[in-house]
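Have a look at the structure below, then the notes.
Side chains included, hydrogens not; waters and symmetry mates left out as well; all remaining heavy atoms used. Source: prediction; values computed, not measured. By convention here, the first residue in the shown sequence is residue 1.
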Amino acid sequence: MRDRIYLCLAHMSGKEQDFIKEAFDTNWVVPMGPNVNAFEKDLENFVNKRVEVVTSNNGAVETSEVEPLDKKVVCLSAGTAAVHLALIACGVKPGDEVLVQSFTFCASSHPITYLGATPVFIDSEKDSWNIDPDLLEEAIKDRIAKTGKKPKAIIPVALYGMPYQIDKIMEIANRYEIPVIEDGAEGFGSMFRGQSLGTFGEYGVLSFNGNKMITTSGGGALICPDEEKAKEILWYATQARESYPYYQHEAIGYNYRMSNICAGIGRGQMTVLEDHIAHHKHVQELYCELLKDVKGIKMHGNPGPDYDSNFWLCTATLDPDLKIKGQEKAYKQVITGAVGGAAGVTHTASTAVTDCQPNANVEALRVALDSANVEARPLWKPMHKQPVYKDAPAYTNGVSEELFAVGICLPAGPYVSDEDVKYIVDTIKANIED
């Protein structure tokens, strides 16, 4: 039987063991140390690079390096921790509101609730699948009218690595003087007009979870605007201790610093980052080529020359009329095993269906791929349709719900070979009914 093909697992370079051994040899096995400092510098060097992108009349694209940025990076225990600390740095407090993309993973919105604030969900536009700038401004105006005050922050998300319309988002945010926290957890290595995601707004979030572009086994980082802000984030991430010879606390801090061991893994991973990005883009191109003549399936790609996605996951949409074998059996049983990761399901659902779920043909294709030892997933369920956020304000246009109904994620990680992609496509074709 074919080995399991996973959506995305980061590939080890061989350098990781050297840095980890160094940490053990020097007894630096705590949430700080030389590997952490070096990893932060590596990240700064990468995200601060900028290129000028010029498209000629014949469509050829040329790039050239320009003056780099001077952002600072603080390594943390998770991308979620980075969102949390960025919100604190932006002054979010109980009773405040934060505008956040609805089409995303819960880590973009949960930290808002940690602080006693309210997430205000904004739907997506059809091109990038990310936050709709027009709805964003509509929401800002309406929240000011209804609450008498501005939202405290805006969180766009690089869904599956795809850049958002950051030029329009920043224009709106600057006009209303609202800070932007870019959630680039899925977008490390993605660029908009030659500049790294996470470097346009006040803060930028990175994730190094085990399934991201690079991994530290778990972990994340926050891109900060300058040294002073980075020191503030570092202070919060190390329990907000004051400079006394004893433990003095004048604010609430958190144990969010990355360990020296994890950072050692990250240093090794940085040596293969460019290879990982190139591989993901290659896999995307291969899917597009192999599926181009398959009626009813469309790959989601860069909307235009300004967008340079890392294609963390390769995503496709299925025409609602596309017939997949076995779709009449979709959603007939409550799932009790592991779905979408090794953690499995700890709460068994009371019913196999909800009021917002992928179409039966999407679920049937997921099951067919699973039976062929291929991990596939639906798109993220919009946050404004999650029961836990049923009372949160939302500004919607139907885009994210429509995409959730028809979308599927296909494997794209460094372990996914050309042969694997062909096998996946052949499996998809074999399960389409004539």
Practice prompt. Classify the side-chain pair S309/N302 by whether it contains a donor and acceptor separated by less than 3.5 Å.
Written response: no
Item to complete: Assess the side chains of Y307 and S128: does a donor N or O sit below 3.5 Å from an acceptor N or O?
Response: no
Fill in: Residue of the set S217, C75, S77 for which side-chain contact (heavy atoms from CB on, under 4.5 Å) holds with C262
S217
Worksheet entry | N/O donor-acceptor pair under 3.5 Å between D123 side chain and S400 backbone | yes
Item to complete: Give a yes or no on whether the backbone of S124 and the side-chain of N397 come within a donor-acceptor separation of less than 3.5 Å.
Response: yes
Fill in: Side-chain ion pair, R2 and E419, N-O less than 4.0 Å
yes
Worksheet item: Side chain of D370, backbone of R366: donor and acceptor closer than 3.5 Å?
Response: no
Worksheet item: With a 6.0 Å cut-off on ring centres, are F200 and Y164 close enough?
Response: no
Practice prompt. Could I get the full list of salt bridge (charged side-chain N to carboxylate O under 4.0 Å, His left out) partners for K295, not counting sequence neighbours?
Written response: none
Worksheet item: Could you go step by step and tell me if K292 and E289 meet the salt bridge (charged side-chain N to carboxylate O under 4.0 Å, His left out) rule?
Response: CA-CA 5 Å; K292 67 180 181 181; E289 177 63 26; 3.1 Å; yes
Worksheet item: Does any donor atom in the side chain of E186 or W380 lie under 3.5 Å from an acceptor atom in the other side chain?
Response: yes
Worksheet item: Between K168 and D134, is there a side-chain N and carboxylate O pair less than 4.0 Å apart?
Response: no
Worksheet, complete the sentence: In terms of heavy-atom contacts, I324 and A364 come closest through CG2-CB, 3.8 Å
Discussion item. Quick check against the 3.5 Å criterion: does D142 have a side-chain atom that pairs as donor or acceptor with the backbone of E138?
Written reply: no
Worksheet item: Checking N48 side chain against K71 main chain: does a donor-acceptor pair fall under 3.5 Å?
Response: yes
Worksheet entry | Candidate list L76, I155, V83, L197, test side-chain contact (heavy atoms from CB on, under 4.5 Å), partner V205, passing option | V83
Discussion item. Counting only heavy atoms from other residues, nucleotides and ligands, does the tally under 6.0 Å from NZ of K298 exceed 12?
Written reply: no
Practice prompt. Scan side-chain atoms only and decide if T315 and H300 contain a donor-acceptor pair under the 3.5 Å cut-off.
Written response: no
Worksheet item: R143 and K150: side chain to side chain contact (heavy atoms under 4.5 Å, CB included), yes or no, with the steps?
Response: CA-CA 7 Å; R143 299 323 294 170; K150 295 184 297 187; over 6 Å; no
Worksheet entry | Polar side-chain atom of Q101 near backbone of V157 as donor-acceptor pair, under 3.5 Å | yes
Worksheet item: Side chains of Y415 and H279: is there a donor and an acceptor less than 3.5 Å apart?
Response: no
Discussion item. Side chains of D418 and H282 only: does a donor on one sit below 3.5 Å from an acceptor on the other?
Written reply: yes
Worksheet item: So Q165 and N130, side chain to side chain contact (heavy atoms under 4.5 Å, CB included) or not? Walk me through it.
Response: CA-CA 8 Å; Q165 293 184 10; N130 292 318; over 6 Å; no
Discussion item. Looking at N359 and V406, would you say the former's side chain and the latter's main chain have a donor-acceptor pair under 3.5 Å?
Written reply: no
Worksheet entry | Y160 and F311 aromatic centres sub-6.0 Å | no
Worksheet item: Is it true that the side chains of Q269 and H276 contain a donor and an acceptor less than 3.5 Å apart?
Response: no
Fill in: G184 backbone acceptor or donor facing E182 side chain under 3.5 Å
no
Worksheet item: Hey, what's the ring geometry for Y256 with Y254, parallel, tilted or perpendicular (30° and 60° as the breaks)?
Response: parallel
Worksheet item: Okay, side chain of K152, backbone of L87: is any donor-acceptor separation there less than 3.5 Å?
Response: no
Worksheet item: Just wondering, are more than 12 heavy atoms of other shown residues or ligands nearer than 6.0 Å to OH in Y331?
Response: yes
Fill in: Exam field: side chain H84 to backbone P111, donor-acceptor pair closer than 3.5 Å
no
